[in-house]
Each structure stands twice: as C-alpha cells, then as structure tokens.
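First up is the structure itself, then whatever we jot down about it.
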Amino acid sequence: MQLLPGFRDFYPEDCARRNYTLSVWREVAARYGFLEYDGPVLEPIELYKKKSGGELLGQLFDFVDKGERHVALRPEMTPTLARMVAARERDFKKPLKWFCAPSFFRYEKQQRGRLREFLQLNCDILGDASPGADAELLALVIDLLRTFGFGPQDFVVRLSDRDAWMQFALGRGVPQERLLDFLGVIDKLERTQEAESRRKLEEFGVELEAVRAFIADPSAEAAKLQGIMADLKARGLAEYVAVDLTIVRGLAYYTGLVFEVFDRNGKERALAGGGRYDALLEVMSDGKVKMPALGFGMGDVVLANMIEEVPAAKARRDAWIASRNAAEVYVVVAEESRRTEALGVVQTLREAGWRTDYALSAAKVGKQFQVAETLGAKFAVVIGAEWPEVKVKDLATREERLVAAENVATLGRA
RNA sequence: GUGGCCGUAGCUCAAUGGUAGAGCUCCAGAUUGUGAUUCUGGCUGUUGCGGGUUCGAGUCCCGUCGGUCACCCCA
C-alpha cells in the first residue's frame, strides 16, 4: 500500500524534527504572551466558501459525510478562530493573543514546500486595531525565525497595506465591488506579461505607469507602514523588514496590513504570511461582534527545507534532538545470571528519572557496549561479578568506578 | 487542473533488445567482561502497475499510478 499523495509518515527521526519545530513555535509564542487553542479538523464547507475566497476554494479537501453533510478538512485556521471568538467574545479581555499549531489540508498537487497535509503555526491578535498590534505580530514572526537560527541574511519580511491599495484604486474610480478583482491583478503583476497587465488594468481605468509609480514610492500613501517600521526599529528588528507593495495575498478577508516572509535566496516558497482581517468577525457573527484582528500562518514544510539549507539552523536543531536522545544510561548485563539484579537496577534508575535502556535478551558484552554507543548513552552500568557493587562507566572519558548497587542512581557522582 | 523529466534491492545507482548486478545499510560471526577499524557470511527484487511490439523487454510503444520541476498559488 502506498501513502496517499501529499501525506507523510513520521519515522522517529522525522518525528524528532517535527517535535523540534513544534517546541520552538510554542516556546516563542509563549514568550510573547500567546495562549494555545485548537478547533476541529473537519468543518462545514460553508465556513470556507463564505470567507476564504479565491484559490483556497479550489484547494479544499472536501467530501460528503455519512450524514450527507458537505464537509472540508480545514485548509486554514482563521475562519474557525473567528467563529470561536465571535461566539464567546464577552468572555475574554482584549486584546486576545492566541496561537495554535495543528495539521491543515489542501488538495493540490504536491511540490517542494507543498504537501496535502502540513503543520502550520497560527498566531492571532484580536481586539486591537492599532499599528502597535501589527508591529507586535511582526516582531513575533521575526523572533520565531531568529530562534530557529536564521539571521537577516537568511530571510526578509515584505510588508504591504491593502488599505493603501484600496485608497489608490477608489481614488482612480475603481468601483467598490470590483476592488478584489483589482487587487488580484496587482497580486499577479510580477508574474504576468506587461501587455497583459496593462490591458487588465485598463479595464479598471488605471494606467500601469501609475501603479508602478505607487509601488516605487510607497511613502506617499502608506504612512501606516512607516509607523510599523519605526516600532520594529525600536526593537532592533528593522533589518528583517522591507516595504513591498507588490504583496497583496489571495485571501479575500484581508483588510489592512498584509505581509509575507521569504528566504533571501529566493529558492523557497513563502515561509509565512498573514495580515489584518478587521471585518471578518462581524461577517462571521452576522453583525453581532465587531472586532479588529490580525494574524499569520507559518508552515512546517518550507521551514524544514530552510533549516536543512542554513547550517546554523541545522546545527541548532540537531543539538536539540541529540539532547533528547533515546538513552542516558545503558545497563550492561555482563553475566546473564545477574539479570534479576540488573532488572532491579534498571527500575531504580528509571524511577530516579534517568532515560535508561538495556538488552532485552542475553547478548555479548561488546555488543551491549556498542548498542550503548549507538543510542548516545552517557553512562554504562555494568552488572556482573562485582555485585552487590556495579561498575559505572563514563562512555565519553572511558573512566570506570565501582558504586554500591543501592546508590546506582547517583551514577557515582554523589 | 495543464505541461516537461523520472520510476531497477530498505537507500544510492549500474545493466547494446539476449542469464538482473554493485556499494551502503541491516542481521550474524571472527571477539566467552568493554565501544573503533578490519575481515567473513547472510537477507531483500513480481525492474511501480496493466497492456502491446518481439523468438526474446529493465530497455521500444500505449495507458495508468506515483515522484519531481515549471505554470497556478501559497504554509
């Protein structure tokens, strides 16, 4: 049997790497005062049909369940979060700073950095419309990547502002109901032939030159971004950020700030992306709850590719994994007749908190030491003729010392 | 969803249309209370799958599944 395309098995080495990613995500999010939450993997398809829009709809992993409900595996968290917060809005002090790091599903052809099931960290700030909240979220993105071992030479956060684009468009006579279509053209500007872009823009009565001039000099209409930049500069994080109005993003619900994080080499897809969705909670609650909000997602697939490519990040990850190796202590049963005593020693060590392993059946002493080495154990405890004493060997220095069996948990270091 | 390339042992790969191989890994032994190296032996294939051409197909043709890259888009 083959795996379904785009899905992964996690062997122990893969699981260790995934756990490292999750560990950093949770640690840094907590450092910023974010609380973890979660929601269902499966949602009614309407949740996404109404809110996400654009390409995401074509990528829904959906089916009809036995109750004839049309359902979809979650492709993103924001609609679920918006529903959750809208339902119990009065129970929480503002602003809310929440995160989650579950699996998501998108039905698309798999490629480098793209699978059908992936992990994604989601961090959101709800109930604060200030640029200070924008900057706080961006600082979190940056610190997450710094904690993985990436520096300003490895990644850049590209900032843009949909408000600025909407003012630009409305000021040039683009009708309100066609704004999303207009933004779609801007989004594809870099990937489309010039003549094609020019033709599409003319449908909106906008000249390509005006768009290019606006992108080239964002300061005129994107003052908000300058304020965010100043905030990040005060934190010493300015070198990680650049204003880039070509970023628009495909999701329909974004309103103000939008951003994407890219590797500096340009080899990978976006590492993370997000923005403001100030109107979404009102839509989700049928007008009952109005709450500004913003958030971002960071996927594990591109992140893992980049960790593999940046030596500093890879070394940090491997050190983390090595520090959680399978065994700290390996009990060597030198004389099989002492197995009963050895089992007692194993139990004593484990109850003292040592990660302890041993040979489940009779094996040669040399073989047992070899296994101890392979497992990365720091100590070997040899059970044999010395009983009721045992020999504790430091596997790095090869020093040995005799310790009374009852004191074995000290490993001779007391 | 569209197009290019690829698919041989667990992994990396070889094999003019003519007997399917090598290295690595893994397991065991050389080594009866100490980790390395080395040496020896052992395990593994419906050549992704299904058809077709041929005296004969891993090799050529068609289909299909999977992978990969580009488009699309984004985590």
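Protein chains get the first letters and strands the later ones, always in sequence-line order, with residue 1 at the start of each.
Rounded to whole Å, the P atom of B:rA30 lies 34 Å from the corresponding atom of B:rU46. Comparing the C1' positions of B:rU37 and B:rU44 gives a spacing of 27 Å, expressed to the nearest Å. Spacing between B:rC62 and B:rA57 at atom C1', rounded to whole Å, works out to 15 Å. If you take atom C1' in B:rG29 and the same atom in B:rA22, they sit 23 Å apart, rounded to whole Å. Taking atom P on both B:rC49 and B:rG66, the two are 15 Å apart, rounded to the nearest angstrom. The gap from the P atom of B:rA20 to that of B:rC72 amounts to 48 Å, rounded to the nearest Å. Atom name P, nucleotides B:rC27 and B:rA14: the rounded distance is 28 Å, in whole Å. The C1' atoms of B:rA9 and B:rU34 are separated by 35 Å, rounded to the nearest whole Å.
Between A:Phe259 and A:Gly6, the one whose closest nucleotide on RNA chain B sits nearer the 5' end is A:Gly6. Each of A:Gly274 and A:Arg112 lies near RNA chain B, and the nucleotide nearest A:Arg112 is the one positioned closer to the 5' end.
Among the heavy atoms of the strands, none lies under 4.0 Å from A:Asp300. Among the protein residues, A:Leu121 comes within range of no part of the nucleic acid, since none of its heavy atoms lies under 4.0 Å from any strand. Note on A:Ala385: a base of the nucleic acid sits closer than 4.0 angstrom, heavy atoms only. At the heavy-atom level, A:Val332 lies nowhere under 4.0 Å from the strands shown. As judged by a 4.0 angstrom heavy-atom cut-off over every strand, A:Ala272 is placed among residues touching the sugar-phosphate backbone only. Using a 4.0 Å heavy-atom criterion, one finds that A:Gly297 contacts the sugar-phosphate atoms exclusively. Residue-level contact check: A:Leu271 touches the backbone only, with heavy atoms under 4.0 Å from sugar-phosphate atoms and none from bases. At the heavy-atom level, A:Glu117 lies nowhere under 4.0 Å from the strands shown.
Residue A:Tyr107 contributes atom OH, which lies 16 Å from atom C1' of B:rC72 at whole-angstrom precision. The distance from atom OH of A:Tyr11 to atom C1' of B:rG10 is 9 Å, rounded to the nearest whole Å. As rounded to whole Å, 15 Å separates atom P of B:rA75 from atom CD of A:Gln111. Atom CE of A:Met298 and atom C1' of B:rA75 are 10 Å apart (whole Å). Atom CZ of A:Phe369 is separated from atom C1' of B:rU34 by 4 Å (rounded to the nearest Å). Rounded to whole Å, the distance from CG on A:Asn305 to P on B:rU68 is 11 Å. Counting to the nearest Å, the P atom of B:rC71 and the NZ atom of A:Lys109 are 13 Å from each other. The distance from atom CG of A:Asp394 to atom P of B:rU34 is 18 Å, rounded to the nearest whole Å.
The pairing partner recorded for B:rA57 is none, the criterion being a Watson-Crick or G-U wobble arrangement whose two distances lie under 3.5 angstrom. B:rG63: Watson-Crick or G-U partner is B:rC49, with both key distances under 3.5 Å. Pairing for B:rA36 is absent, judged as Watson-Crick or G-U wobble with the two contacts each under 3.5 Å. Under the Watson-Crick or G-U wobble criterion, with both distances below 3.5 Å, B:rG17 is left unpaired in every strand shown. If you check B:rU31 for Watson-Crick or wobble pairing at under 3.5 angstrom, you find it has no partner at all. If you check B:rU2 for Watson-Crick or wobble pairing at under 3.5 angstrom, you find it paired to B:rA70.
How far CZ of A:Phe118 is from CG of A:Leu303: 13.5 Å, rounded to the nearest 0.5 Å.
Residue A:Lys364 places no side-chain atom within donor-acceptor reach of the base of B:rU31, judged by atom type and a 3.5 Å distance cut-off alone. Taking 3.5 Å as the limit, the base of B:rU34 and the side chain of A:Glu400 contain a donor-acceptor pair of atoms between them. A donor-acceptor contact under 3.5 Å is not formed by the side chain of A:Gln370 with the base of B:rA36. Side-chain to base pairing of A:Lys393 with B:rU34: one donor and one acceptor N or O lie within less than 3.5 Å of each other.
Between A:Gln110 and the phosphate of B:rG66, there is no side-chain N or O to OP1/OP2 separation shorter than 4.0 Å. When the side-chain nitrogen and oxygen atoms of A:Lys367 are compared with OP1 and OP2 of B:rA28, one or more of them lie within a distance under 4.0 Å.
A cation-pi arrangement is present between A:Arg74 and A:Phe104, with the terminal nitrogen or guanidinium carbon under 6.0 Å from the aromatic centre and inside a 45° cone about the axis. Cation-pi check for A:Arg106 over A:Phe61 is not met; the charged atom does not lie both under 6.0 angstrom from the ring centroid and within 45 degrees of its normal. Remark: A:Arg316 fails to qualify as a cation-pi partner of A:Phe148 under the 6.0 Å distance and 45° angle criteria applied to the six-membered ring.
Distance from the side chain of A:Lys391 is smallest to B:rU34 among B:rA75, B:rC72, B:rU34. The listed nucleotides are B:rG33, B:rG35, B:rA75; the one nearest the side chain of A:Arg249 is B:rA75.
Side chains of A:Glu43 and A:Thr80: a donor-acceptor N/O pair is present below 3.5 angstrom, by distance only. Side-chain atoms of A:Tyr240 and A:Arg146 form a donor-acceptor pair, as typed in the model, at a separation below 3.5 Å.
Per the stacking criterion (ring centres < 5.5 Å, plane angle < 30°), A:Phe104 does not stack onto the base of B:rA75.
Taking a 6.0 Å sphere around CZ of A:Arg401, one finds it holds 12 or fewer heavy atoms contributed by other residues, nucleotides or ligands.
A ring-centre distance under 6.0 Å is found for A:Phe214 and A:Trp165.
Ring planes of A:Trp98 and A:Tyr37: tilted class, angle from 30 to 60°.
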